[in-house]
S.K.: 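To start, I am sharing the structure in question, which I have written as structure tokens.
In this chain, residues are counted from 1 in sequence order.
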Amino acid sequence: MSTSILSPFIHVITKPEITPLLQQASDIGCSTQTGVGMFKSSVGLMADFFTPSIGAAR
């Protein structure tokens with residue numbers, strides 16, 4: 001299957017880290033990022049949003 005026809009798909013699940021959908025996407029050559037990776041990348045932004053006075057101190 002050609003990956004050039006696939007549109008971006010967001011699939012944010014942390015457990016299991018590698019879901020069947022992510023595994024299939026990886027198997028056909030698509031770039032993937034796990035839900036855990038997305039969570040770790042955004043946790044600081046969430047802290048800043050929900051607790052501005054604490055987030056500003058970091």
S.K.: If we ignore hydrogens and angles and just use 3.5 Å, is the side chain of T51 paired with the main-chain N or O of A47 as donor and acceptor?
M.R.: yes

S.K.: Using every non-hydrogen atom in the two residues, find where A25 and T32 come nearest and quote the distance to one decimal.
M.R.: CB-CG2, 3.9 Å

S.K.: Once side-chain hydrogen bond (donor to acceptor under 3.5 Å, both in side chains) is applied, do any residues pair with Q24, and if so which ones, sequence neighbours excluded?
M.R.: none

S.K.: Just grab all the side chain to side chain donor-acceptor pair (under 3.5 Å) pairs involving residues 35-44, residues at least two apart or on different chains.
M.R.: none

S.K.: Which heavy atom of M38 sits nearest to which heavy atom of Q33, and what is that distance?
M.R.: N-NE2, 3.3 Å

S.K.: I need the minimum non-hydrogen distance between L22 and E17, along with the two atoms involved.
M.R.: CD1-O, 3.6 Å

S.K.: Looking at residues at least two apart in the chain, or sitting in another chain, which of them share a side-chain contact (heavy atoms from CB on, under 4.5 Å) with Q23?
M.R.: I18, D27

